[in-house]
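Here's the structure we're looking at; comments come further down.
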Amino acid sequence: MCFGMEMITSAPAGSPTLESLRVEPLLTPEFDADPIRVYERLRRTYGPVAPVGLMGVPVWLVLGYGEVLDVLRNESTWRRDVQYWRARAYGQLPPDWPLLAGYEVRQTMFMDDKEHRHARQTHNEALHPFRDGNTAQGWEIRTAVARCTDDLVAALAAESGHVGYTDLCARYSRPLLLMVTTKLFGFPSELGDELVHDLWLMLDGGPGADPAAGRALAAMTRVAAHRRERPADDLTSYMLLTDPGLSDEELGRELFMNAVYLNDITNTMVLNTLLEVLVGNASVRRTLSTGQLEETLNRAVLINPPAANMPFRFASRDVRLGNFWIRAGDVALPSAAAAHQELMVAGPDQVAESMVSTRAHLGWGAGPHQCPSAARELGSMIVTTAVGRFFEHFDRAELAVPPDRLPWRSGPMVRGLRQLPVHYELSRNSAAVGRPGRPSDRAGTWHRWRLRPYRPRVSRGGCSRHCGG
Ligand code: HEM
């Protein structure tokens, strides 16, 4: 079988193949609770590249920072097109393998070379007007994010009072990102929760992942058709304007991928950033208290990248990586979370003083498939506005459960919180905030927030009724 690859070198005879190695399953309760411990053990056992089982399929998990960068940057060896995947081509994947549905959706992320560059440019151009507060569309999105946080906090105050308990995922970040997605894509809000649920199912490879991907894709195709009929000031319409040749199905697939990043990954980034402040990570809190929100975000991403493991790459030829010979057609899973551990060997607090720039993180990826610049700016703007606004509205917030009992969602790609339960006290003016002025009018007030690290307030038994854990 030919995968369209150039045979430059071949693995030496007798070097172990992926299929011949004993692999330990990656997604275990231990990984759920403490993925870093698992990465460290794999690194000790195998070096910077380790064979692991992903829901019954062997893959190469890339753990070393240098090796991850190499895989992300070298597109002639590491391809994105699923046609390079040997096990798929030979029909060796288990029937109904739950992650396959997502990989079969052909869109920018799974294209190579010229086709990829063209599709990527469409994203960058169409996202350009929304990327920051300096354009009318970007300013409107930013204002909408700020207004939405105010509404959510006002609703919380009305329902639960100025002092109380809440889950910041359900009551703050998730509805916020749903609103942004609805507004940015120009789709009806009825699609909302069902769509988010379907994206989670698909990404985590849970039961029903396949039909969930189908439903989400169908919904996005309907949005594409709707906006072709009635163009408006939204991303869907701008994508059609940038590339009028896109069919409804093609555009639906591109929106589908954007929805994953915007809804799920951006939501995860908001929660992970809030969490690092709440657990009292000193280096993260220091940047927050000096009003450097971008830096707060960089530090949180370094410690806990939302896209913990990036989508598969497929070897186009036999290649040496770490201590192994990877064969043409093998799958590599580059892990940003594992790679970041190398940057943080001295401990996350030391990163503040160390030579390592927090911008060296791989939270946005690297190389030709890294998050497009306009998307990065938009994502950062949403996260910094949501996080900054949070610390304006809340005088106090403390984790309502010990950090080791937080309910994590550790899928093959995303590591994010299912819930972020807190005891809070709203700032006295918060419910009366009403409609904000320009966000910049209020910028920088979060330094007044009382930064207190996590201290247990409730007994283990007492919190389970809130978080189900
Ligand atoms: C703030 C949260 C975000 C994070 C952490 C993030 C992270 C990433 C990462 C890690 C990749 C690279 C994946 C790879 O190498 O395979 C990526 C790609 C991408 N992201 Fe983002 N992203 C975010 C927000 C967004 C938003 C808001 C959009 C658009 C609305 C977006 C659109 C894209 C696109 C189109 C790609 C594919 C690029 C390509 O394959 O050439 N992202 N993102």
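Counting starts at 1 for both ligands and their atoms, following the listed order. These numbers come from the heavy atoms of this one structure, side chains and all, not from hydrogens, waters or symmetry mates. Residue indices begin at 1 and follow the sequence shown. All figures in this text were calculated on a predicted structure; none of them were measured in a lab.
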query: Would a distance-only check, ignoring hydrogens and angles, find a side-chain to backbone donor-acceptor pair under 3.5 Å from S410 to R415?
result: no

- prompt: Does R215 reach the main-chain N or O of D198 with its side chain, forming a donor-acceptor pair under 3.5 Å?
  reply: no

Pair listing, salt bridge (Lys or Arg N to Asp or Glu O under 4.0 Å) test, anchored in residues 58-73, at least two apart: none

Polar pairs, ligand 1 vs protein, N/O only, below 3.5 Å.
residue  : atom   : partner : partner atom : Å
ligand 1 : 15 (O) : R313    : NH2          : 2.9
ligand 1 : 16 (O) : R80     : NH1          : 2.7
ligand 1 : 16 (O) : R80     : NH2          : 3.4
ligand 1 : 16 (O) : R313    : NH1          : 2.9
ligand 1 : 16 (O) : R313    : NH2          : 3.4
ligand 1 : 40 (O) : H369    : ND1          : 2.7
ligand 1 : 41 (O) : H116    : NE2          : 2.6
ligand 1 : 41 (O) : R120    : NH1          : 2.8

- prompt: In chain order, what residues pass the ring pair (Phe, Tyr, Trp, His ring centres under 6.0 Å) check against Y65, with sequence neighbours excluded?
  reply: none

message: For E19, is there an ion pair with R327 - N to carboxylate O distance below 4.0 angstrom?
response: no

- request: Provide the full list of ring-ring contact (aromatic ring centres under 6.0 Å, His included) pairs with a residue in residues 299-328, sequence neighbours left out, each pair given once.
  value: W60-F324, W85-F312, W85-F314, Y103-F312

